[in-house]
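Values reported hereafter were calculated over all heavy atoms of this structure, with side chains retained and with hydrogens, waters and symmetry mates removed. Counting from 1, the numbers follow the sequence of the chain as shown.
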Amino acid sequence: MKLKRLSCAVLICSTAVLVLAACTGSIVSKEKDESTVSWPAAVPTDAPVNNPDLPPEKHDADSVNWNDLYELQWTFHSEMRHNYIVGKAGNIILVYGHDGGISGYHEHEYLYGIDSDTGEKIWEVYGGYLGIVYAWSESGHIFTVVKTHDESIPKFTRRDINTGEIQFDYELTEYKTYTPVYLSLGKAAAVLLSGRDDSYLLVFEKDSGVLLWMKNFEKGTYLVDCSGNITGIIVRQPDRLEAFDWIYGNTLWSVQDRKQSMGFYPDYGVMKTPEDFHGINMRTKKWFAFEDEFKLVDLKSGQVLHSVSKEGRVMRLMPLNYEYIVLLEYNSEDKSFITPIKFSLYSVTGSKVVWTKNEDIYRVLIYNNTLYYVNASEIKSVDLLTGNVKWSTPLLTNIDKNPYMDSFLVQPLMLEDMLVTAEDGVIHILDPDTGKRMFHVGDYSIDDYILGGDMNSFCSIVLLDDSLYIGSRGGNISRLKIKR
């Protein structure tokens, strides 16, 4: 089973299908009646794609259209301008739509269920401006909790994920002043509601929606996204990590921590990565940020499998795979974790730092014993074991704002022996052996982040099975079939 919460950054997922969303034209109507929506035409092939900040003369390679290389299967037109691929369940592609606004300028969000064969919208869930928390099961159900605006009542719903048929739909009337922030699935369905001063965990029977039990927690508590762990409900509290039995609510295990003030996103210390999309790093064990160290915890037993000391430094951890993690260090004043001052590749099995570089880093890909990464000014390829630089290619535009708001920090992706990157919405194809820019994509471009930060479990480019998908800021999502 998969579980997700609202998170607005970009992720590339590494299986064998590629889904693309074309970025075209102006903002579409926010009305739900599709007859009022005027969809823009495709971007001309002789024009830069939705990229006003990057003039054509800054491209050092030719433009090539992906529609000439791959077979276009379908294009889905969303009510929202910004669209991200957030998962696949059976034959359904899950797409999250966002109007692109932040703070008082944000009004609408949607979750769509799209037929992966035809691109037809099977169902939709409207989330207003507070968004949607959702989780889906391998048995073919999707659960959502929605509170569309401050004065509305949270609503807990189960649908057939293939048809959209509502199987139950309950209003959580007693929790009108609370906002749903997490939803987890296992032997039951667990919902965490956050209020001004505290939080409530509500656990429901999955088939009927009947409330099994509830617990009250202090502010700063969150529900762990553990993608398929059915042993217990795992809750991160300011002073401990604790697992509860799904059905009865009794404590199964706990890992203590010094009490800390975690802020709005208490799991901010461990960054989300492409592995989260597939559940590779989440099925049986997961990294957590504690006050003084990072801990790798067995989700079934609560045993601490590995720990890495922060040594009093301001740090975050980026999981890469079971073998390697990246440790990012920040200035002590940089509590927002914006720009790393150095990073280290750490071997979990070797219990040691492999090498360190005194530079920033934002997105990473490991492929064939090579680590590719993007920093504020260049794309680099280094030997995984030594850190020796193989090549370095300057970005066409340097970061001049919060780097997490820039679309060129999309996760690098390997596609048919080509390295796919993006800068200012433009998709660039590089030779992975030399770093030479081969071409940029002329008929598709991708999205900027909306909220930024580490919430990069939303996908702008996804490779699954034999197809490509891209999420856009132009209202469209397309599927291309890779010709093999």
Do Lys285's NZ or CZ and the ring of Tyr322 fall within the cation-pi criteria of under 6.0 Å and 45°?
yes
Would you please classify the geometry between the [Y] ring and the [X] ring as parallel, tilted or perpendicular, with 30° and 60° separating the classes?
X      : Y      : answer
Phe168 : Tyr170 : parallel
His98  : His82  : perpendicular
Trp391 : Tyr372 : tilted
Phe76  : Tyr112 : perpendicular
Trp66  : Tyr444 : tilted

So which atom in [X] and which in [Y] form the shortest heavy-atom distance, rounded to 0.1 Å?
X      : Y      : answer
Gly435 : Thr393 : O-OG1, 2.7 Å
Trp246 : Ser184 : CH2-OG, 3.8 Å
Leu299 : Lys286 : CD2-CB, 4.0 Å
Leu419 : Pro412 : CD1-CB, 4.0 Å
Ser478 : Thr75  : OG-OG1, 2.7 Å
Leu223 : Ala190 : CD2-O, 3.6 Å

Answer yes or no: is there a side-chain heavy-atom contact under 4.5 Å between [X] and [Y]?
X      : Y      : result
Ile114 : Ile477 : no
Val224 : Phe288 : yes
Thr157 : Ile166 : yes
Ile85  : Ile93  : yes
His428 : Leu396 : yes
Asn91  : Asp115 : yes
Val133 : Leu192 : no
Lys121 : Tyr110 : no

Tell me, please, which residues at least two apart from Asp198 pass salt bridge (Lys or Arg N to Asp or Glu O under 4.0 Å).
none
Side-chain ion pair, Arg437 and Asp62, N-O less than 4.0 Å
no
Is it true that Lys390 and Asp433 make a salt bridge, defined as a side-chain N closer than 4.0 Å to a carboxylate O?
no
Would you find a donor on one side and an acceptor on the other, under 3.5 Å apart, between the side chain of [X] and the backbone of [Y]?
X      : Y      : value
Trp74  : Ser116 : yes
Tyr96  : Ile132 : yes
Asp431 : Lys436 : no
Lys187 : Gly232 : no
Lys176 : Ile153 : no
Glu120 : Ile122 : no
Tyr129 : Asp150 : yes
Arg363 : Thr421 : no

Distance-only donor-acceptor check, side chains Tyr373 and Glu359, under 3.5 Å
yes
Are a donor atom and an acceptor atom from the side chains of Glu174 and Tyr200 found within less than 3.5 Å of each other?
no
Apply side-chain contact (heavy atoms from CB on, under 4.5 Å) to Leu384 and list each qualifying residue two or more places apart in sequence or on a separate chain.
Tyr324, Leu345, Ile366, Asn369, Leu371
